[in-house]
Protein chains: 2
Amino acid sequence: MKKKGSLNKSNSRSTLAVKHAHDYIKEKVIDFIIPPGEHINEVELAEALGMSRAPIREALNQLYIGGFVTFQSGKGFFCRKFSAKDVADLLELRADLESAAISHIGNKEARPDILAIYSTWKEVATKHREMNMDELVNADEDFHVKLAALAGNEERVKILRNINERVRFIRKIALEKEPRRSNFIGEHLKICEALMQQDQAELIKLLDYHIGINSSQLKPIIHEGLARIYAEEIL
Amino acid sequence: MKKKGSLNKSNSRSTLAVKHAHDYIKEKVIDFIIPPGEHINEVELAEALGMSRAPIREALNQLYIGGFVTFQSGKGFFCRKFSAKDVADLLELRADLESAAISHIGNKEARPDILAIYSTWKEVATKHREMNMDELVNADEDFHVKLAALAGNEERVKILRNINERVRFIRKIALEKEPRRSNFIGEHLKICEALMQQDQAELIKLLDYHIGINSSQLKPIIHEGLARIYAEEIL
DNA sequence: TTATGATATTTTGTCGACAGAGCATTATAA
DNA sequence: TTATAATGCTCTGTCGACAAAATATCATAA
């Protein structure tokens, strides 16, 4: 079925076609609605979004640098795919950046932003039972990003956001498999408390454990994740 | 089987226009041949490179995500510009990532890659007097990237390469101002030695000092750099 | 059958064109 | 004079088109 682009009602010029394409494709890649390694057909996308190939290609070039798609000269763009090591590398990086961030938070006294994080998460703690997995992952990412943002390094936050998007599918699985959801909820609260009490040593300890740098259950989660993505393909 | 061996000059098409434009524009931005904040004229670039605007725009979209140019809807692309804090943030990030890298280098025994870095730098040490500033900065970046690469996390290396490119103009000034060039040359050698001797504590100490996280002379260098870039403009 | 070659189809990479937004300049009014 | 409106020019954002490369399809030979 083909649809004509003439049906664009209330065509909001405020949202550029490139941006729309970017967000649309990124979402498909993040959730692996486009399977890993699969070729991305520009014409197909252009028709689906009711635009020409030009903005599609511009968006794909953005996603290429962002690590969401790969590129082969003459063949075009493909959904990113990764090995267990690739995922582990991204998770390691994320842990390193967050660790660095908390070590760079300066004076922690009387900071409304810390309090805001705390109270937001306390709300999550009370109603996490009514939240679905997507909402939970979203809240979790938000917590960690805001934590890192306390250090005030916007560039680091940007990178962390990018990594979060790229490993989101793994984080979803990690949360699903979390035996007792209240564990990680409580850990976030403890992190906030250590922050407010300015207990740096405790803070580092808590975060290291929470992010699970040396967590032995990380490997099986990654493999579970890859198994799902790649279906019956052998890694 | 191979096809008939015809001298295919068409193979010189191997360098895509997009990639050419990307490298060309990036170079101008890195060296601030395009002044910070200046609007980038697509038609001008297209004519200068003998191509149409399409590949130019694709390249610009890549550079946008890479942090080399900014974008304003309806106005186009502009050379990146930054404040003293922006530079400091990038340098902080770079330091954090390198620190994290060396803490993740596993077994350091009998590693040819470590020896290779050492011997390469020893060569630099002997002939650094005949090297110009660009060569020196290049060698320095190379050293640090290879150091970080020892940890085996390709994604981190990618980010470090990106940051190096973005702060290169500052690093050039830092090197110019280095009172005794042999200082930093010697520090690299010491870092290698600490690596080979597996003296982790010493290694961290050396690197922290070398990268100058808390170096008080960092601030004046940044300001000197920005002053040059922005010429008489006030920051 | 499998391999090879010719042919048809798809898809990329790039081009030139154009409407409209943005910007500069001139003309007009206060 | 200064401020505002009109005018024309520049440049962006997107489109449709096309050649060449890549891929799929089919035919033929071993």
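A note on names: the letters A, B, ... follow the listed sequences, proteins ahead of strands, and every chain is numbered from 1. Every heavy atom of this structure was used, including side-chain atoms; hydrogens, water molecules and symmetry mates were not.
- Residue M51(B) has its side chain nearest to dC15(C) when only dC15(C), dT12(C), dT14(C) are considered.
- Between L45(B) atom CG and dT12(D) atom C1' there is a gap of 14 Å when expressed in whole angstrom units.
- Distance NZ (K19(B)) to C1' (dT14(C)): 18 Å, rounded to an integer number of Å.
- Look at CZ on R57(A): it is 14 Å from P on dT11(C), rounded to the nearest Å.
- The listed nucleotides are dT14(D), dC18(D), dG13(D); the one nearest the side chain of F77(B) is dG13(D).
- One interatomic measurement links the two molecules: CD of E44(B) to P of dC11(D), which rounds to 8 Å at whole-angstrom precision.
- At whole-Å resolution of the value, CD in Q72(A) and P in dT11(C) are 16 Å apart.
- For the residue pair N61(B) and R57(B), no side-chain donor N or O sits within less than 3.5 Å of a side-chain acceptor on the partner.
- Residues V18(B) and Q62(B) meet the side-chain proximity criterion, which asks for heavy atoms closer than 4.5 Å.
- In this structure, F143(A) and H188(A) have parallel ring planes: the angle between them is below the 30° cut-off, well short of the 60° mark.
- Taking the side chain of H39(B) as heavy atoms from C-beta on, and the options dG13(D), dT14(C), dT12(D), the nearest nucleotide is dT12(D).
- Residue I40(B) contributes atom CD1, which lies 17 Å from atom C1' of dT10(D) at whole-angstrom precision.
- Rounded to an integer number of Å, the gap from E42(B) CD to dA17(C) C1' is 15 Å.
- Residue whose closest nucleotide on DNA chain D sits further toward the 5' end, between G74(A) and P55(A): P55(A).
- Between dA22(D), dG22(C), dT12(D), one nucleotide has an atom nearer to the side chain of K75(B) than all others, and that is dG22(C).
- The nearest whole Å value for the distance from the CZ atom in R53(B) to the C1' atom in dC15(C) is 12 Å.
- Within the 4.0 angstrom heavy-atom criterion, base atoms lie near A54(B).
- Using cut-offs of 30° and 60° on the angle between ring planes, the pair H210(B) and H144(B) is parallel.
- Ring pair F82(B)/F32(B) is perpendicular by interplanar angle, where above 60° counts as perpendicular and below 30° as parallel.
- Of all nucleotides listed (dT14(D), dT12(D), dT14(C)), dT14(D) comes nearest to the side chain of S52(A).
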